[in-house]
There are 2 protein chains.
Amino acid sequence: MPELPTAPALFPVTVDVVALTVRNDVLNVLLITRLIDPFRGMLALPGGFVLSGEDLATAASRELAEETGVDRVPGHLEQLASYGPKGRDPRGDVLTVAHLLLAPDFPVLSAGSDAEQAAWYPVTQVLDGGLQLAFDHRRILGDALERAKSKLEYSPLGAAFCGEEFTIAQLRAVYEAVWGTRLDPRNFHRKATGTPGFLEDTGRMTAGDAGRPAALFRLVEAARPVAGQPSRAVLNPPLMRPRD
Amino acid sequence: MPELPTAPALFPVTVDVVALTVRNDVLNVLLITRLIDPFRGMLALPGGFVLSGEDLATAASRELAEETGVDRVPGHLEQLASYGPKGRDPRGDVLTVAHLLLAPDFPVLSAGSDAEQAAWYPVTQVLDGGLQLAFDHRRILGDALERAKSKLEYSPLGAAFCGEEFTIAQLRAVYEAVWGTRLDPRNFHRKATGTPGFLEDTGRMTAGDAGRPAALFRLVEAARPVAGQPSRAVLNPPLMRPRD
DNA sequence: TGATTTATTGTCAATCTGACGATAAATACC
DNA sequence: GGTATTTATCGTCAGATTGACAATAAATCA
């Protein structure tokens with residue numbers, strides 16, 4: 001990074017949040033309906049401008065709070081990627097730093113008539129179906145989905161979609177929803193419980209549901225991801241392990 | 001992303017490039033010596049301001065070209081992460097979008113006396129040893145190294161450090177340098193050549209080196225990463241595979 | 001009281017992995 | 001030239017992992 005040449009170009013910077021959750025065994029994304037131009041009336045990712053003196057993670061959680069009413073980050077928030085600044089906003093060059101939130105299903109603010117209404121939408125409806133998104137948000141959602149899929153492969157972040165305590169079946173439903181596949185319950189159980197440093201039996205059980213009660217697990221403390229930071233691989237062996 | 005409120009804050013945006021290569025079996029990073037304040041005389045990552053009308057990837061490759069003299073991107077360039085804008089530049093809030101370049105060893109411009117001199121430095125000297133970096137570049141380098149390490153685990157990007165054609169031993173040297181470990185040559189050979197869709201035998205052999213000549217391989221066309229885009233996992237099986 | 005549903009434990013063959021022996025094919029040394 | 005050395009490559013074998021699927025456990029449902 002060299003000196004200020006004459007005067008460097010200045011850009012408005014926004015954060016956008018791709019909030020994903022699993023509802024009714026289907027992956028959902030949180031979208032708001034835009035009330036003003038450009039793209040008025042269209043669906044968009046929640047987000048907004050970074051304020052001066054503010055950090056990216058701060059801005060992302062602030063915008064999430066403003067547009068959904070949550071009082072604190074309800075899951076795992078990490079940076080996804082940055083887009084722009086060229087040619088993604090009709091008003092001019094705007095850089096956006098997209099973030100990814102993996103969270104249990106949480107209620108969104110039922111805002112008044114003049115606020116931007118946030119709501120959950122099935123991801124497939126947006127990516128395959130006819131739902132249009134503002135700006136380049138469709139591409140961002142696509143990248144977010146890719147990231148989420150691969151995160152499940154080699155990190156314990158699947159648990160971020162569950163609450164504090166969860167059953168193996170609930171965890172499996174997350175994998176099935178994100179990957180869009182079915183998994184063998186018996187093999188999944190073996191792998192999930194057999195992976196060292198992943199799950200911890202709470203000793204408690206579910207009750208009241210149909211079928212045999214299930215044991216409740218929680219994420220091992222050390223496996224819990226640090227907010228905003230990349231999470232260490234836990235589930236998968238590398239290409240090859242060191243000999244020493 | 002809502003409307004322009006009153007007037008959104010504007011930020012200078014820079015790109016920084018963490019260029020990694022393997023020289024003499026050791027992972028090296030490209031650094032420049034700063035000629036002006038702040039941090040004059042200190043080592044820093046190559047980078048600079050994003051110009052108006054420019055995209056991030058464009059800016060990154062332009063800055064790399066300006067500071068090293070390469071005429072085109074000499075390896076795999078992808079976005080790493082964004083940092084700031086708060087509290088990382090004494091002159092004020094500056095957002096930087098860090099990029100990661102994985103490339104074969106390439107010569108850097110021997111600039112005149114008034115240009116910023118770029119040179120390769122062993123990564124361990126920076127992270128463990130006494131070398132200080134300007135701004136938050138030490139943290140960025142640390143993140144880049146983490147990313148590079150994990151990329152090798154589940155993507156074919158190790159080959160990005162090699163030239164067009166390479167031997168299995170050269171590829172293994174990459175893994176050993178990035179991971180800082182030793183790998184069993186026989187098992188590595190088996191895994192590398194046995195992974196479908198990874199390597200392709202060119203039919204040609206090395207000659208002149210000590211020992212038995214080695215077969216030359218190249219990356220399978222379909223496995224070649226798209227510049228700037230995340231690369232599909234190739235080497236490792238996922239946590240669990242779809243049943244259907 | 002079954003019938004049904006869901007959870008959990010096993011079993012077994014195929015594959016993969018890690019440790020390491022043996023052989024192949026070049027250069028290096030004398 | 002002949003042998004030592006170096007590096008590449010192929011094989012072997014036991015243990016771990018995976019995928020397919022049987023069997024059992026423990027609840028609700030009808």
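What you see is a predicted model; the values in this text were computed from it and never measured.
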Roughly, in whole Å, what's the span from CZ in R172(B) to P in dT9(D)? 10 Å
Atom pair OG1/NE2 of T96(A) and H137(A) - distance to nearest 0.5 Å: 6.0 Å
Test of understanding: with side chain to side chain donor-acceptor pair (under 3.5 Å), list the residues that count as partners of R204(A), not counting sequence neighbours. E165(A)
B/S/- contact track for nucleotides 23-30 of chain D, protein heavy atom under 4.0 Å: --BBBS--
OP1 or OP2 of dT18(D) under 4.0 Å from side-chain N/O of K191(A): yes
Given the structure, check if the side chain of R190(A) and the base of dG10(C) hold any donor-acceptor pair shorter than 3.5 Å. no
For the pair made of CD in Q170(A) and C1' in dT6(C), what is the distance, rounded to whole Å? 13 Å
If you measure from the Lys or Arg side-chain nitrogens to the Asp or Glu carboxylate oxygens, is any gap between E176(B) and R172(B) under 4.0 Å? yes
Please test V123(A) against N28(A) for side chain to side chain contact (heavy atoms under 4.5 Å, CB included), starting from the C-alpha separation and ending with a verdict. CA-CA 5 Å; V123(A) 168; N28(A) 278 246; 5.6 Å; no
Out of dA19(C), dA20(D), dA7(C), whichever nucleotide has its closest atom nearest the side chain of A169(A): dA7(C)
Where do Y175(A) and F188(A) land on the ring pair (Phe, Tyr, Trp, His ring centres under 6.0 Å) test, with the steps shown first? CA-CA 10 Å; Y175(A) 281 78; F188(A) 185 89; 5.3 Å; yes
Calculate the interatomic distance between R182(B) atom CZ and dG18(C) atom P; express it in whole Å. 17 Å
From the set dC21(D), dT9(D), dT11(C), return the single nucleotide nearest to any side-chain atom of D184(A). dC21(D)
In whole angstroms, the gap separating P of dA16(D) from CG of N187(B) amounts to 16 Å
So how far is it from L30(B) CG to D105(B) CG, rounded to the nearest 0.5 Å? 10.0 Å
Return the value, rounded to whole Å, for the distance between atom CZ of F188(B) and atom C1' of dC16(C). 16 Å
How close or far is atom P of dA25(C) from atom NE2 of H189(B), stated in whole angstroms? 14 Å
